Undergrad: 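Here you go, one structure.
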Amino acid sequence: MCGIFGVIGHPEASNLTYLGLYALQHRGQESAGIACSDRDVITFHKQMGLVADIFSEDVLSRLQGSMAIGHVRYSTTGSSELKNAQPFVVDFESGSIAVAHNGNLVNAHVLKQELEVGGSIFQSTMDTEVIVHLIARSRRTRIEDRIVDALAQVRGAYSLLFLTRDKLIAVRDPHGIRPMVLGKIKGGHVICSESCALDLIEGELIRDVEPGEMLVIDERGMQSSRPFFPAPAHFCIFEFIYFSRPDSIYGGTNVYEVRKRLGRELARLHPAEADIVVPVPDSGVPAAIGYSEESGLPFEMGFIRNHYVGRTFIEPQQSIRHFGVKIKLNAVRGVVEGKRVVVVDDSIVRGTTGRKIIKMIRAAGAKEIHVRISSPPTAFPCFYGIDTPIRRDLIAATHTLEEINRYLTSDSLGYLTFDSLRACVPGTGKGFCDACFSGEYPVPLEVQESDEQLPLFRGSVRI
Ligand code: AMP
């Protein structure tokens, strides 16, 4: 999972990108970077860590120019280290190019092998670098044609931003799996992962970048083309459930509204004899509000989240993850003591969070705990850019509902059904990738389902 942001036609391009990345920080906290062009050279700065810690006034003042792209990273292929931070900037025959990518390519390992046999040397262990090599090898002249040449060979999920000396180019894969929106600001254009980044810079949302669309923006204006074979849209449904910020507009609909709808549906499907509805903050809040409204049970903040701790998932080891839940959330005794509590969260992955928080509110005096999940069981890994564990580590892949309830130590457990999820998201029927729930992968995989999503680029290890 990653966040991308690009702007062209604004004198403060790097400052806007910095702000945009701030708004997209929830999409990745491992590393961040900005590349900027003053029409002569591309300058860039990237580092491990959070946006606020990486960019100082001094750094930003050195990123000169009216066009820039930026990236926040949450690795799904390639390890978490500086060489894999983006934007990825290279110099080749026709000039310099910077790339920022959100998504995962499913045939990158095959292409990488072929390129290496042909003499290519890779600097990183990211699938994104494959695209750069393919661009460099293309025989076409214009950069946009080279990009099309390269992308015609890759399969998978990509929302991509390219920055050359004088152009900003955006491409969304033919299924539109990962999000990308187009906006404007004072004569300039902005393209970014989520509309919340536009809100922060007081930009205006124009529309989604369409699946399979390529936008080329330079001083003459913007050109849109559809250089790939048309394919059915498969927007990631998990963006609605968990990943996008609730204030973002995704596929034309406010994410917060959809999450509330999911909560209402959950209350209809799985009512509970209870006293209060409590969200697992922050991800469960809108759904819990929906559940509360539909059930008539009061909404209470039974957990307080420490906002200075990173997402539990970012932690690399199981031992740290267990610890992470505890330092991230604490139960409010005054709220839950003696109560029958409905706990609402958006999803269960390994079950780590659920088990810990149930223990926590029982210790704080809750009488009964009824867990309600505003999505269907996550039973399949994502291979298109969301960090999920291998299949056997997904609790819903290997356990029945009853077994999960027992593992969590809850008094009851209810998930949303697949059909009710579909009914709550706009544009019912086709149009979404829901492989994490259904196992139906819109882009055929080249790895075994049971494989990890990370083995494509192991790279070397420096000790
Ligand atoms: P787990 O503790 O493994 O069951 O993870 C469930 C928690 O992680 C829920 O509170 C979700 O909000 C959150 N979550 C779900 N999917 C992801 C993801 N891909 N990355 C980070 N957190 C996630």
Side-chain angles (χ1 to χ4, degrees), residues 1-3 25-30 72-77 80 102-104 157 177-178 236-246 255 259 262-263 266 278-288 302-303 305-306 309-329 343-361 371-399 403-405 407-410 413 415-416 433-437 452-454:
M1 216 50 216
C2 296
Q25 187 78 83
H26 61 288
R27 300 185 70 84
Q29 299 98 39
E30 292 179 9
V72 286
R73 179 157 195 257
Y74 179 7
S75 58
T76 47
T77 73
S80 179
N102 173 205
N104 246 26
I177 297 176
R178 302 259 60 91
C236 168
I237 208 160
F238 205 65
E239 292 278 350
F240 272 129
I241 293 164
Y242 173 77
F243 229 94
S244 282
R245 247 171 61 164
V255 173
R259 287 190 192 159
L262 296 173
L266 192 57
V278 158
V280 178
D282 295 329
S283 54
V285 172
F303 292 104
R305 179 172 170 183
N306 179 342
V309 184
R311 287 186 176 201
T312 50
F313 253 65
I314 304 299
E315 316 296 351
Q317 280 159 21
Q318 190 72 10
S319 56
I320 301 176
R321 206 161 23 238
H322 276 293
F323 183 58
V325 175
K326 250 196 288 180
I327 57 171
K328 196 170 98 172
L329 294 170
V343 174
V344 179
D345 202 0
D346 66 283
S347 57
I348 297 177
V349 182
R350 294 178 173 87
T352 317
T353 311
R355 192 176 155 92
K356 287 272 164 195
I357 60 169
I358 287 164
K359 198 171 160 199
M360 223 184 267
I361 53 169
V371 175
R372 299 292 180 264
I373 303 297
S374 62
S375 65
T378 305
F380 299 89
C382 176
F383 294 94
Y384 306 135
I386 288 191
D387 182 30
T388 41
I390 54 173
R391 184 139 197 244
R392 68 168 178 274
D393 286 347
L394 293 169
I395 194 165
T398 47
H399 295 75
E403 286 167 343
I404 300 171
N405 189 36
Y407 175 75
L408 296 178
T409 67
S410 35
L413 170 66
Y415 283 94
L416 217 54
C433 172
D434 44 36
C436 49
F437 307 124
E452 292 179 65
Q453 57 181 330
L454 309 180

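One-based numbering, in listed order, for ligands and for the atoms of each. Note that the numbering runs from 1 along the sequence shown for the chain. These numbers come from a predicted model, not from an experiment.
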Undergrad: Please could you name the atoms of ligand 1 that Thr353 approaches to less than 4.0 Å, counting only its heavy atoms?
TA: 1 (P), 2 (O), 5 (O), 6 (C), 7 (C)

Undergrad: Please could you name the atoms of ligand 1 that Gly351 approaches to less than 4.0 Å, counting only its heavy atoms?
TA: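 Listed by number with element, the hits are 1 (P), 3 (O), 4 (O).
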
Undergrad: Is the NZ or CZ atom of Arg259 both under 6.0 Å from the centre of the six-membered ring of Phe240 and within 45° of that ring's axis?
TA: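 Cation-pi check for Arg259 and Phe240: fails.
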
Undergrad: Determine, step by step, whether Val280 and Val344 satisfy the side chain to side chain contact (heavy atoms under 4.5 Å, CB included) criterion, reporting the C-alpha distance in whole Å, the side-chain angles of both residues, the deciding distance to 0.1 Å, and the verdict.
TA: CA-CA 6 Å; Val280 178; Val344 179; over 6 Å; no

Undergrad: Using the salt bridge (charged side-chain N to carboxylate O under 4.0 Å, His left out) rule, take Glu239 and Arg27 through it: C-alpha gap first, then chi angles, then the decisive distance, then the call.
TA: CA-CA 10 Å; Glu239 292 278 350; Arg27 300 185 70 84; 2.9 Å; yes

Undergrad: Quick check on contacts: which atoms of ligand 1 are under 4.0 angstrom from a heavy atom of Ile348?
TA: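 Listed by number with element: 4 (O).
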
Undergrad: Looking at Val343, Thr353, Leu408, which hits side chain to side chain contact (heavy atoms under 4.5 Å, CB included) with Ile358?
TA: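 When Val343, Thr353, Leu408 are each tested with Ile358, the side chain to side chain contact (heavy atoms under 4.5 Å, CB included) holds only for Leu408.
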
Undergrad: Looking only at the side chains, is there a donor atom on one of Asp346 and Ser374 sitting less than 3.5 Å from an acceptor on the other?
TA: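 Per modelled atom types, Asp346 and Ser374 side chains form no pair under 3.5 Å.
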
Undergrad: Record the part of Thr352 in heavy-atom contact with ligand 1 below 4.0 Å; permitted values are side chain, backbone, both and neither.
TA: both

Undergrad: For Pro389, does its backbone N or O pair with a side-chain atom of Arg350 as donor and acceptor, under 3.5 Å?
TA: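 Between the backbone of Pro389 and the side chain of Arg350 there is no qualifying donor-acceptor contact (under 3.5 Å).
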
Undergrad: Should you measure from each heavy atom of Ile386, which atoms of ligand 1 turn up under 4.0 Å away?
TA: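 Near Ile386, meaning under 4.0 Å from one of its heavy atoms, ligand 1 has 19 (N).
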
Undergrad: Under 3.5 Å, is there a donor-acceptor pair between the side chain of Ser283 and the main chain of Tyr242?
TA: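 Looks like no, no N/O pair under 3.5 Å.
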
Undergrad: Any N or O of Arg350 that comes nearer than 3.5 Å to an N or O of ligand 1?
TA: yes

Undergrad: Of all the heavy atoms in Val280, does at least one lie under 4.0 Å from an atom in ligand 1?
TA: no

Undergrad: Any idea which part of Ser347 is under 4.0 Å from ligand 1, heavy-atom wise: side chain, backbone, both or neither?
TA: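 Near ligand 1, Ser347 shows its backbone as well as its side chain.
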
Undergrad: Which residue from Tyr74, Phe238, Phe243 reaches closest to atom 16 (N) of ligand 1 through any of its heavy atoms?
TA: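 Minimum heavy-atom distance to atom 16 (N) of ligand 1 goes to Phe238.
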
Undergrad: Which one holds for Val349 and ligand 1: side chain close, backbone close, both close, or neither close, with close meaning a heavy atom under 4.0 Å?
TA: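 The answer is both.
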
